Asks: 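One structure follows; several queries about it will come next.
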Amino acid sequence: MDSFNAITVAIFLPFIFAGLVPVMEKILKQRVGWFAAATALTSFILIGMAAPEVLEEGHIVQGTISWIPSAGVNFSIYADGLAMLIGFIASGIGVLIMSYSNGYMSQKEDLKRYYQYLLLFMGSMIGMVFSANTIQLFIFWELTSITSFMLIGYWRHKPESIYGATKSLLITAAGGLAMLAGFLLLRSITGSFDLAEILSDPQIIHAIKEHELFLITLILILIGAAAKSAQGPFYIWLPNAMEAPTPVSAFLHSATMVKAGIYLVARIHPIFSGTDAWFILVSGIGILTMLVAGFLAFRQTDIKGILAYSTISQLAYMMTMYGYTTHHEPGIGVAAATFHLLNHATFKACLFLVAGIVAHEAATRDIRKLGGLRREMPITFIVASIAALAMAGVPPLNGFLSKEMFYESSLEMGHLLGGAFTFIIPACAVLGGVFTFAYSIKLIDGIFLGERSKEHLPEHIHEPPLTMLIPPAFLAGLVILFGVVPSLPIHHIIEPTVSGILLETAHLHVKLWHGFTTSLMMTIVTFILGILIYTKYDRIADWQNSFNAKFPWISVNYYYDNAVDSAKDRAFKFSSFTQPGNIKNYINAMLLLMIALVAVPVIILATNIIPSTLNFSIPPYEAILLILLVVAALAAAVLPKYLPAIIALSALGYGVSLLFIYLKAPDLALTQVLVETLSTIIFLLAITKIPQKYKEKISTSVLIRDVTISLAVATSVFVVLLNATQGIVPPFESLSHYFIENSLPLAGGHNIVNVIIVDFRGYDTLGEISVLCLAALGVYNLIHSRGEEQ
């Protein structure tokens, strides 16, 4: 199997096998999780089949299957180092998560639904990262939002789960729509939805950066990325998403989905980086989010709450580094961000799985009730310590290496900008590291060290089964391996990934000991300040809680809850205003809209509203017919009873049919006669059951309003018709030439009206016929049901 086919199968295999889960559940029972894990492993192997070509030989695997070629939308694969990295993370972590779930999920749970959702999510994630077409990427992107919604809301009986799932969907899906708008603007600039085509052409990239739509396109796409990766004001959905089962949090909210936004930033990096807007927006959002989320982590008492805010902060690390850019050096922090992306997936997924173990064994995640678990759970304690210390940036673990690279790139960025930025940017990096160090130590100290009150916990706490212990232990092993032997991930994964992002070959030199460098001094300062901050940890948390109680409006959640909670009332008020129930208001609204749509352009575009070349000489019989039509129309409007008014209206319709005959359109005249006859019969049937005289009293003000609107509409139509007789108003062109020229060659018909109705407007006509059929059925049923009642 070639690389393109292997990746295509890896994308769709989880979708196909998700449909087989109910069948396998009947065979394997509660062990159905192993089937899901085997599916993830198969996808991992399939992606691995393309690895030699991409990661070793440096080729980019591409391929296209025609989908909607007329719209430029195709199923396209673009497999470079970046796509391979995220693809391996999604499928590899998927294997561990689904294996772990065999021990974590109770046999009483709806396991079919759980594993189906997981597989659908994994397929969506893999499909997204290998997408070369932006519309295809958007579809998989939104699929991850939908499957994430189902997973977060897995426990449907818990209001917190429903709240978290809804919040997640509203924010991430709305961000995805903004991203789609950005992709459409990108298409308008480049003329293509194909990312591979854009990335391969420097002239197109240059044209994008010089285009007047550059900034708005960048902002829209970044909104999607920030919403997905919980950056900036969009961070509020991630803490509430922790109501999902812990393996889901480990999969979605540490290793994969939250990295989709980071992936998108890395993917568009060659297109938009090297500009001031990129640096300000991407790094600006990253730095602010890193500091705010790191600080807010202090007041969390739930283990997953701490991990949620730490994830937001760590993602902000990557966002900041990908944003480091200047016109001459657009890729300053790319290597550091990419290495941290890999490292974060290992130690954060490990910590989430440990949180699941603690909650599973101790029946609580409240860090205030825990402590001293190192005695009952020594192996879990070691595994958790490795992951937490890696997150804190302690050597020789992998987090230390990527943090050092973060500090180095911050120093370089500050130096290149000069002035106050020389100190501000490195200082912000260190402050982010200090917060990270403090909450990392809190996790270990709060759960495993010290003593605890036993009144809140089970009497017998012990290590989890191997099914739950091996996955986090394996990840902890990777944390050590990537830290002690960094050349292994650097040469085989990170360098090809960085080359894919920068579109040039990258060679990195990463090792544990570089001597007493400035970045190492920053690390030492980080540890010292981190220990000092940790001694004030509880006081900082208390101050945050007190501040939040006094000023609840200084919170994004305050405005989100206010908007969502009041949405129903506001929608009711809006609908009450726009749909009051009186049919007169609807008709008035439509007529006023018609005036705006028809009359205003005519008034603006027409040089003379009343054409000077009108021909008033008409034959006597034509003038008589027009007078009769006018009289019938006036009679229909002013007669005081229904029956005479309907007769006048019918006379008007039959008069119009006479006009069609005079204008040599017998088919239209026949249609008009048939419709007029049918409508007259229906009207007559209806009015036999209602009073024959109008009972509604119309006030003078309403009468004046209605007459004014009627005159405005009549005047607008009159002006349009006068101008229409003189030709189409510039700059518009008549459509009649197109139909005259193409009726015969395209549709094979000489009767242009018939060709328009049957061929050019075929679907429209079909829709009209369907509506008429449904209306006729409705009328028949009404008459029939009334007959039954009688």
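The first residue in the sequence is number 1, and the count goes up from there. Predicted model only: the values in this text are computed from it and were never measured.
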Asks: With a sphere of 6.0 Å drawn around NE2 of His415, does it hold more than 12 non-hydrogen atoms of other residues, nucleotides or ligands?
Replies: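 Counting other residues, nucleotides and ligands, NE2 of His415 stays at 12 neighbours or fewer.
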Asks: Locate the shortest heavy-atom distance separating Gly333 from Ser409; write the atom from each residue and the value.
Replies: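 For Gly333 and Ser409, the tightest heavy-atom pair comes out as CA-CB, 4.0 Å.
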Asks: Please answer whether the main-chain N or O of Ile287 pairs with a side-chain N or O of Thr320 as donor and acceptor at a distance below 3.5 Å.
Replies: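 Yes; judged by distance alone, with no hydrogens or angles, the pair exists.
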Asks: Is it true that Lys228 and Thr144 share a donor-acceptor pair across their side chains at a distance under 3.5 Å?
Replies: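 A donor-acceptor contact under 3.5 Å links the two side chains.
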Asks: Please identify each residue that fulfils salt bridge (charged side-chain N to carboxylate O under 4.0 Å, His left out) with Asp194, with sequence neighbours left out.
Replies: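 Result, salt bridge (charged side-chain N to carboxylate O under 4.0 Å, His left out) vs Asp194: none returned.
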Asks: Phe527 vs Phe437 aromatic rings, parallel, tilted or perpendicular, using cut-offs 30° and 60°?
Replies: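 Phe527 and Phe437: tilted rings.
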Asks: Using 30° and 60° as the class limits, which term best fits the ring planes of His340 and His344: parallel, tilted or perpendicular?
Replies: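 The rings of His340 and His344 sit tilted, inter-plane angle from 30° to 60°.
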Asks: Would you say the side chains of Ser76 and Thr64 form a donor-acceptor pair under 3.5 Å?
Replies: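 Yes, because at least one side-chain N or O of Ser76 sits under 3.5 Å from a partner of the opposite role on Thr64.
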Asks: Could you label the plane-to-plane angle of the Phe406 and Tyr324 rings as parallel, tilted or perpendicular, counting under 30° as parallel and over 60° as perpendicular?
Replies: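 Geometry flag for Tyr324 against Phe406: parallel rings.
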Asks: Describe, in one word, how the ring planes of Phe298 and Phe435 are oriented to each other, choosing from parallel (under 30°), tilted (30 to 60°) and perpendicular (over 60°).
Replies: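 Answer is perpendicular, since the angle exceeds 60°.
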Asks: Do Tyr317 and Ser402 have side-chain atoms, one donor and one acceptor, less than 3.5 Å apart?
Replies: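 Note: Tyr317 and Ser402 side chains miss the donor-acceptor criterion.
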Asks: Look up atom CD in Glu142 and atom CG in Leu137, then write down how far apart they are to the nearest 0.5 Å.
Replies: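 Between Glu142 CD and Leu137 CG, I get 10.5 Å after rounding to 0.5 Å.
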Asks: With the side chain counted from C-beta on, respond yes when Phe75 and Thr8 share a heavy-atom pair under 4.5 Å apart, and no when they do not.
Replies: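 Heavy-atom side-chain distance check passes, below 4.5 Å.
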Asks: Flag the pair Leu342 / Asn398 as yes when at least one side-chain heavy-atom distance between them is below 4.5 Å, and no otherwise.
Replies: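 Not touching, per the 4.5 Å side-chain cut-off.
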Asks: Got a sec: does the CZ of Phe474 have more than 12 other heavy atoms crowding it under 6.0 Å?
Replies: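 Counting other residues, nucleotides and ligands, CZ of Phe474 stays at 12 neighbours or fewer.
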Asks: Ignoring hydrogens, what is the shortest heavy-atom contact between Thr172 and Ser168? Give both atom names and the distance.
Replies: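 Shortest heavy-atom contact: OG1-O, 2.6 Å.
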Asks: Can you measure from CD1 (Ile501) to CG (Leu82) and round to the nearest 0.5 angstrom?
Replies: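 Nearest 0.5 Å value for the CD1-CG distance: 4.5 Å.
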Asks: Centroid-to-centroid, Phe121 to Phe251, below 6.0 Å?
Replies: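 They qualify: ring centres under 6.0 Å apart.
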Asks: Around atom CD of Gln203, are there more than 12 heavy atoms from other residues, nucleotides or ligands closer than 6.0 Å?
Replies: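 No, because the 6.0 Å sphere around CD of Gln203 holds 12 heavy atoms or fewer from other groups.
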